[in-house]
Amino acid sequence: MRKGLAKDLSSIPSATGGIARLAYNRLREAGADLAPVMSGAGLTSKDIQDENRRVGASAQVRMLELAAKEMQDDCFGFHLARDFELGEIGLLYYVMASSERLGDALQNAERYCAINNEGVRLRVSLRDRLAIGFEYFNIDRLSDRHHMEFWLVSLVRICRTLSSGRLAPNQIRLKHFRPGTPSDVRSHLGCEIEFGANRDEILFGAAIGALPVLGADVRLNTLLLRYADEALSNRAARRTSIRSQVEDQIAQLLPHGKANASEIARRLGMSRRTLARALSAEDAAFSGVLETLRQALAKRYLRERDLPISEIAWLLGYGEISSFTHAFARWTGSTPTTFRNLRDVR
């Protein structure tokens, strides 16, 4: 079981970082203090300023949660999604916008959404009714409200824009809890949201999927689908990157206390300096890869009720529980015990 858990996390899901950059700009415009938000999310100014640089999908989730607190806006994700330019989504949006019908556009989004975010997967069904479901992959869903709410509003906006109509979902369900649907959110979406549900999904009537997309372009869509296939293939190729090989070695060596750059370089048949250069070419550093993987593994292990925290500390390469506790508090702002108990309450 433990070997399988480690292998599952041998490559941490990444995202283009577009949502994190929108949040950053909103904070900057409001004159908010960016430093605690950025450090708490584990992001640097280079992550934000370089639009070609991908960020950890979990880091983007944390960015929105921390930004909401800094802005004192309990509906930050909803509000952030209402007014950004949809074209900023990039290739994925234009693939959707050139599709023939709304159902086609959403099925293309399902196929290619990993280009934008490897941690969130769409599931689209056109049977009986149009259902858009959200699934999280190696991201802690229960720590996220604002990121999911951003996705929700963005998908509704895209459906309305592509069909040139003010579509109102028949029903919306979200896993996280709120005491009720905020009035401005209800007004914007045109329906109530069922919070604390057993799934994340948007439901429309069956006929909605057949609506034509305004401005559909078959030739352009064919061309863009080719680009999207290439981009998706490039994302898959990342699994053979130096970073993914380092992550795999770290996961194996952590319990033995040998997850250091020298040992991993030796196992990969290169010098420590060569390993550092190879990681740098992928905009990564060994210390950052180690830290990110430890965080992800810690959260994953804490979901396993039969794993004592003392054993989790050992699995992560900490000689003392206190060292693990201090590191976990630095990452999340809570202790491992509090994190585990909070998940149980939810």
Side-chain angles (χ1 to χ4, degrees), residues 13 15 19 23 41 57-82 106 109-110 113 117 119-125 127-159 167-205 208 296 298-305 332-346:
I19 303 175
S58 292
Q60 183 163 260
V61 169
R62 290 195 300 274
M63 175 80 173
L64 264 68
E65 296 298 314
L66 294 168
K69 291 179 182 177
E70 179 66 29
M71 294 287 288
Q72 298 183 14
D73 181 358
D74 194 46
C75 293
F76 183 74
F78 283 126
H79 296 154
L80 190 65
R82 285 191 313 196
L106 290 167
E110 176 183 36
C113 102
N117 194 316
V120 181
R121 295 174 179 176
L122 297 180
R123 294 290 181 255
V124 177
S125 172
R127 300 176 191 165
D128 302 326
R129 55 188 176 178
L130 171 58
I132 309 169
F134 304 85
E135 294 179 1
Y136 274 32
F137 178 73
N138 280 346
I139 300 181
D140 181 15
R141 170 64 182 93
L142 293 183
S143 70
D144 173 24
R145 284 194 309 158
H146 298 283
H147 181 261
M148 170 51 69
E149 291 168 356
F150 180 95
W151 274 74
L152 162 66
V153 173
S154 297
L155 260 294
V156 173
R157 280 191 63 204
I158 289 171
C159 289
L167 303 179
N170 291 353
Q171 190 174 15
I172 297 174
R173 299 172 180 148
L174 293 178
K175 288 182 178 180
H176 62 264
F177 177 76
R178 280 184 181 273
T181 309
S183 59
D184 62 330
V185 174
R186 181 173 57 251
S187 176
H188 180 78
L189 295 174
C191 73
E192 294 281 350
I193 299 174
E194 177 190 343
F195 291 100
N198 62 359
R199 67 188 69 182
D200 297 305
E201 68 177 358
I202 309 170
L203 301 174
F204 289 99
I208 299 301
K299 291 178 179 179
R300 190 65 173 270
Y301 289 144
L302 284 167
R303 297 186 191 117
E304 299 294 317
R305 296 296 303 170
T332 67
S334 69
T335 67
T337 301
T338 301
F339 179 85
R340 173 174 272 175
N341 291 340
L342 183 60
R343 292 186 60 86
D344 289 343
V345 170
R346 288 175 175 174

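On a predicted model such as this, the values are computed, not experimentally measured, just so you know.
- Residues S58 and I139 meet the side-chain proximity criterion, which asks for heavy atoms closer than 4.5 Å.
- Under a 3.5 Å cut-off, the side chain of R157 and the backbone N or O of A81 do form a donor-acceptor pair.
- Contact check for W151 versus D144: no side-chain heavy atoms found under the 4.5 Å cut-off.
- Residue L152 comes nearest to F78 through the heavy atom pair CD2-CE2, 3.8 Å, listed as atom of the first residue, atom of the second, then distance.
- Nearest approach of K299 to T332, heavy atoms of both residues: CE-CG2, 3.8 Å.
- Within the 4.5 Å cutoff, side-chain heavy atoms of M148 are placed close to those of Y136.
- With sequence neighbours excluded, the residues that form a side-chain contact (heavy atoms from CB on, under 4.5 Å) with R82 are H79, V153, D184, H188.
- In terms of heavy-atom proximity, F204 sits nearest to N170 at C-ND2, 3.6 Å.
- The side-chain contact (heavy atoms from CB on, under 4.5 Å) test applied to A298 returns L316, F324, F328, W331, not counting sequence neighbours.
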Distance-only check: which donor-acceptor pairs under 3.5 Å involve side-chain atoms of residues 60-71, not counting sequence neighbours?
residue	atom	partner	partner atom	Å
Q60	OE1	I19	N	3.3
Q60	OE1	A20	N	3.1
R62	NH2	A41	O	2.9
E65	OE2	R145	N	2.8
E65	OE2	H146	N	3.0
E70	OE2	D33	N	3.3

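- Annotation: the span from L167 atom CG to C191 atom SG amounts to 11.5 Å, rounded to 0.5 Å.
- Applying the ring-ring contact (aromatic ring centres under 6.0 Å, His included) criterion to F195, with sequence neighbours excluded, gives H176.
- Interatomic distance, T335 OG1 to N341 CG, rounded to the nearest 0.5 Å: 8.0 Å.
- Contact record, L174 with E149: CD1-CG, 4.2 Å, taken as the closest heavy-atom pair.
- T181 places a side-chain N or O within 3.5 Å of a backbone atom of I193 that can act as its donor or acceptor partner.
- Looking only at side-chain heavy atoms (C-beta outward), R123 and R199 stay at 4.5 Å or farther from each other.
- Nearest approach of G190 to A168, heavy atoms of both residues: O-CB, 4.1 Å.
- Counting heavy atoms from C-beta outward, H147 and N117 have side chains that approach closer than 4.5 Å.
- By the salt bridge (charged side-chain N to carboxylate O under 4.0 Å, His left out) test, E194 is found to be paired with R173, residues two or more places apart in sequence or in another chain being considered.
- L122 and C113 get closest at one heavy-atom pair: N-SG, 3.8 Å.
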**Study point:** Audit row: I202, L130, side chain to side chain contact (heavy atoms under 4.5 Å, CB included) steps and yes/no
**Key:** CA-CA 8 Å; I202 309 170; L130 171 58; over 6 Å; no
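- Applying the ring-ring contact (aromatic ring centres under 6.0 Å, His included) test to F76 and every residue at least two apart in sequence or in another chain returns nothing.
- Inter-residue side-chain proximity for L106 and C159 is flagged as met; some heavy-atom pair is nearer than 4.5 Å.
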